[in-house]
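Okay, structure first, notes after.
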Amino acid sequence: MFRISTEPLDSAVLQRSLADAHAGACVTFEGWVRDHNEGQPVVALDYEAYAPLAQKEGLRILAEARERFAIRGAVCVHRVGALKIGELAVWVGVTAAHRGAAFDACRYLIDEAKARVPIWKKEHYGDGATVWINCATRGDFAHQLKT
Amino acid sequence: MFRISTEPLDSAVLQRSLADAHAGACVTFEGWVRDHNEGQPVVALDYEAYAPLAQKEGLRILAEARERFAIRGAVCVHRVGALKIGELAVWVGVTAAHRGAAFDACRYLIDEAKARVPIWKKEHYGDGATVWINCATRGDFAHQLKT
Amino acid sequence: MITVHIQYFAILREQRGLAHETLATHAATAAALYEELRDRYGFTLPRDRVRAAVNEEFVAWEAPLRDGQKVVFIPPVAGG
Amino acid sequence: MITVHIQYFAILREQRGLAHETLATHAATAAALYEELRDRYGFTLPRDRVRAAVNEEFVAWEAPLRDGQKVVFIPPVAGG
């Protein structure tokens, strides 16, 4: 299951959705809003998604994980909207008979989701500045150096 | 924190204990009692620990993980007693600024805990037979083949 | 001349100053349309850091644009 | 002759039929004690699949045993 959520994520509920008597291992990844990035204090984040394409790309990544790894269940949910420090931005959970496949698939899902799913993150810093992550261009860097 | 627990584990409570505004990633591993092992239907499990030494060895493994990986928090709790299918046998959670360290440390902790901490598992099968896992000897296998 | 529906996200939405518009264009490909919009609105992202999507699927930059299509330009993603 | 306190776990507890005992022995090392108990109680695990712990720490098989120590033999572990 892949989902973009405008509501806060509840990891306990998400994990219960993976309950499975055939599974011996459950590995989860949670992405939390961190209070700093590359040395800068971060006070809040906005996440934004192109939901229809995010959904399709998310399902493709889940299908790839099922092909590559001997897993049973897999879920990825990404929050969008205005998030505060400590809030849950993304939840990935994978179950498998054995732990190796669960770890590998969970890592694959979050790595691919971060690289491919059309979701964007804007950081708000203590001084009021904001930056769309990964969108800086040479000109922006020059500007940042001057200020 | 390492702990041997005679009470059921609550993963939501354990994960909340890792809350940390400096952490951007939280990876957890849960070991669940699976309804089969190597083709045999399993109906229940007993876990037993040599608690004082388990505690010391668990803390050593956590300290090793802190030395090897750039992590912030790490918790491992293992349940002992009579467990039913689907119950949580072991919970490992790791937080870090970045996800790579959290995945690697979580994997290290469960691998080392399974290999080194004095905890034993007895499986109960559908036909009433029981086996202490990893304790079969050549004679046992011969016996199993005959029955 | 074709008419396309463009939706903007993230840094492109901010630099354009709106979230979607319907536009008549002579651009024959997604690439040509991005360069046209970049000239007009001063998008800072060069095309090689952006991807194109048409009707909710990623497309190659040189895929031909057709009348009535929904076009989205995807700035570098940053989920997680 | 020394007296040691032995605690049994898992398969060794079941094969011994009790969880702990205090024992007088001539065994000078953990290795000698395990072999003595194995002969007496028919433990199925050969020594190379077992580890020894004395006073709540793992020890080498050839570490000398002393009077009053707590000895535990550790069958192959299987946590998780």
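In what follows, chains are A, B, ... by sequence order, proteins preceding strands, each numbered from 1.
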Side chain to side chain, B:R99 and A:E30, heavy atoms closer than 4.5 Å: no

In this structure, NE2 of B:H22 is separated from CG of A:D35 (nearest 0.5 Å) by 5.0 Å

Shortest non-hydrogen pair, A:C26 vs B:W32, comes out as CB-CZ2, 3.4 Å

I'd like to verify something: which residue of B:S11, B:A12, B:C106 has the highest number of heavy-atom pairs under 4.5 Å with chain A? B:C106

Please flag which part of A:A19 lies under 4.5 Å from any non-hydrogen atom of chain B: side chain, backbone, both or neither. backbone

Below 4.5 Å, heavy atoms only, C-beta onward: do B:T28 and A:F29 meet side chain to side chain? no

Ranking B:A102, B:A25, B:G31, B:G93 by heavy-atom pairs under 4.5 Å to chain A gives rank one to B:A25

Is there a donor-acceptor pair under 3.5 Å between the side chain of A:R34 and the backbone N or O of B:A21? no

Which portion of A:D104 sits near chain B, non-hydrogen atoms under 4.5 angstrom: side chain

Pick one of side chain, backbone, both or neither for A:A97, based on which atoms fall under 4.5 Å of a heavy atom in chain B. both

Option in A:A89, A:G86, A:A23 with maximal non-hydrogen atom pairs under 4.5 Å from chain B: A:A23

What part of A:N37 is in contact with chain B, defined as an atom under 4.5 angstrom from a non-hydrogen atom: side chain, backbone, both or neither? neither

Using heavy-atom distances under 4.5 Å, tell me whether A:K84 contacts chain B through its side chain, its backbone, both, or neither. neither

For residues B:V27 and A:R107, determine if any side-chain heavy atom of one lies less than 4.5 Å from a side-chain heavy atom of the other. no

